[in-house]
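Everything below concerns the one structure shown next.
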Number of protein chains: 2
Amino acid sequence: MSTHKPEPNKPFHHGDLRHALIEATAELIERDGPASVSLREAARIAGVSHNAPYRHFPTREALLAAVAAHGFRQLRLAFEASAVTPENRMLALGQEYVRFALAHPGLFRLMFGSGLDRQSHPDLEQAAQDAFRVLQHATLDRGSPSPRDAALGAWALVHGLSHLIVDNQLNQDLQEDAASGRLLERIAAIYGLSTPREAGSVP
Amino acid sequence: MSTHKPEPNKPFHHGDLRHALIEATAELIERDGPASVSLREAARIAGVSHNAPYRHFPTREALLAAVAAHGFRQLRLAFEASAVTPENRMLALGQEYVRFALAHPGLFRLMFGSGLDRQSHPDLEQAAQDAFRVLQHATLDRGSPSPRDAALGAWALVHGLSHLIVDNQLNQDLQEDAASGRLLERIAAIYGLSTPREAGSVP
DNA sequence: CTTGTGTGTTGACAATGTCAACATCTCCTC
DNA sequence: GAGGAGATGTTGACATTGTCAACACACAAG
């Protein structure tokens, strides 16, 4: 079913090829990993010629950047939908982070991991910063003596856990605990992520 | 300068092509990132024909896996060279982790990040497990009530911080603090990584 | 010296990213 | 409406890449 169908009733213009390409690419990313994504196959899936994508993206990297940006927008929405009760906002956001990585491992690896140059893709940069701003807002206003470092530490922990999960570095039962959210709960309990009022005893 | 030089005094056999290829690949990885590494360019650098690598590695992925395995062995050596005084062993290992990521960002991304299939590269799997075993040994024997989760949390934090650094997700001054090791010190102080005796107040 | 096995080379093929030239559609202006 | 202009899609071409097959050279064992 990957052969080219003429489809005579299809108009010359695709309608929203840009969107279709992003969707096709996202699909390919989850199937084969970000590295194996090919412009031409995305075009095939979208039902256009191998060069049509160049009318919407100047380069392969630009297409990947667009997909990554879309991912960051999704992540931000997830953050905003979460973060309800102020007391365990931090934990909730962490759960959302891990849940996102588990649900879209390929996308997660594209967004981080694969060395996309943010400088040359302002849209991506913007989307990423928007997502992280939500995170920062929710984590900064705690009573910690050095809130910046505390927030960064929490971010690093959750970020690292997500990476470990995505890269299959955890054994089976840990993986399941991570998926259910229990693992992060336990870790948060140990290191005072959910109850950081006790944690500020610093030299 | 990419044309083939006859180089009459060079013998037919390279001597240790396998090693030379790994070295050339490591160089390319740091220069262009793991995704852009090409078998043929590695061969060019090593001064052999484009197909010579296939006598030592069945596939491109196998070469990358060999480089990654070498990276894990380096990391393990760094771990073992560190981890001196038992009290702040955990912090020292974390510093080593971050230092490694900073020193070889491309290699770090190859070892994690780029979805190398460990199942099909037993050498890589072995090297990775060996490195992590050192980490586990040093972090497990603490007085925490759930040492497994505590160790995992610490690992996740350091791993995440390394990723954030490698992916340039931190601004300039934070990056510098991370490079000097101060950042991790501060975070460890906040979350009780270096003094975990107080942190075990868990249901 | 012969011979065989490991190591390197040459040649070929399909797939890919990208450029250039051409075709067709859509819409704005008269 | 007519017509041209700019946007969108297509065809063709090229260099590069991973990989396979066939061949060539080297060195050690007999």
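Within every chain, numbering begins at 1; the chains are lettered A, B, ... in the order of the sequence lines, protein sequences first and strands thereafter. These numbers were taken from a predicted model, which means no experiment stands behind them.
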Provide the full list of side chain to side chain donor-acceptor pair (under 3.5 Å) pairs with a residue in residues 28-42 of chain B, sequence neighbours left out, each pair given once.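 Passing the test, one end in residues 28-42 of chain B: R31(B)-E41(B).
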Test of understanding: with side chain to side chain donor-acceptor pair (under 3.5 Å), list the residues that count as partners of H50(A), not counting sequence neighbours.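 Counting only residues at least two positions away or on another chain, H50(A) forms no side chain to side chain donor-acceptor pair (under 3.5 Å).
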Name all residues meeting the side chain to side chain donor-acceptor pair (under 3.5 Å) criterion together with E96(B); count only those two or more places apart in sequence or in a different chain, and write none if there are none. R99(B)
Filter on salt bridge (charged side-chain N to carboxylate O under 4.0 Å, His left out), then keep only pairs touching residues 50-75 of chain A, sequence neighbours left out; what's left?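 Residue pairs with at least one partner in residues 50-75 of chain A: R73(A)-D123(A).
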I'd like a table of donor-acceptor pairs (distance under 3.5 Å, sequence neighbours excluded) in which one partner is a side-chain atom from residues 105-116 of chain B, with atom names and distances.
residue	atom	partner	partner atom	Å
R109(B)	NE	G113(A)	O	3.4
R109(B)	NH1	D167(B)	OD1	3.2
S114(B)	OG	R109(B)	O	3.4
S114(B)	OG	L110(B)	O	2.9

Nearest-neighbour nucleotide for the T59(A) side chain, dT10(D), dT8(D), dT18(C) considered: dT18(C)
At under 4.0 Å between heavy atoms, which parts of nucleotides 11-16 of chain C does protein reach? Answer with one letter per nucleotide, 5' to 3': B base, S sugar-phosphate only, - none. BB---B
Whole Å only: how far is the [atom1] atom of [X] from the [atom2] atom of [N]?
{"X": "L21(B)", "N": "dT7(C)", "atom1": "CG", "atom2": "C1'", "value": "12 Å"}
{"X": "F57(A)", "N": "dT8(D)", "atom1": "CZ", "atom2": "P", "value": "12 Å"}
{"X": "R55(B)", "N": "dC23(D)", "atom1": "CZ", "atom2": "P", "value": "14 Å"}
{"X": "D16(B)", "N": "dG6(C)", "atom1": "CG", "atom2": "C1'", "value": "14 Å"}

Could you check if a side-chain atom of D177(A) sits within less than 4.5 angstrom of a side-chain atom of Q175(A), using non-hydrogen atoms only? no
Hey, which sits more toward the 5' end of DNA chain C by its nearest nucleotide, P58(A) or A52(B)?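 Counting from the 5' end, the first nearest nucleotide belongs to A52(B).
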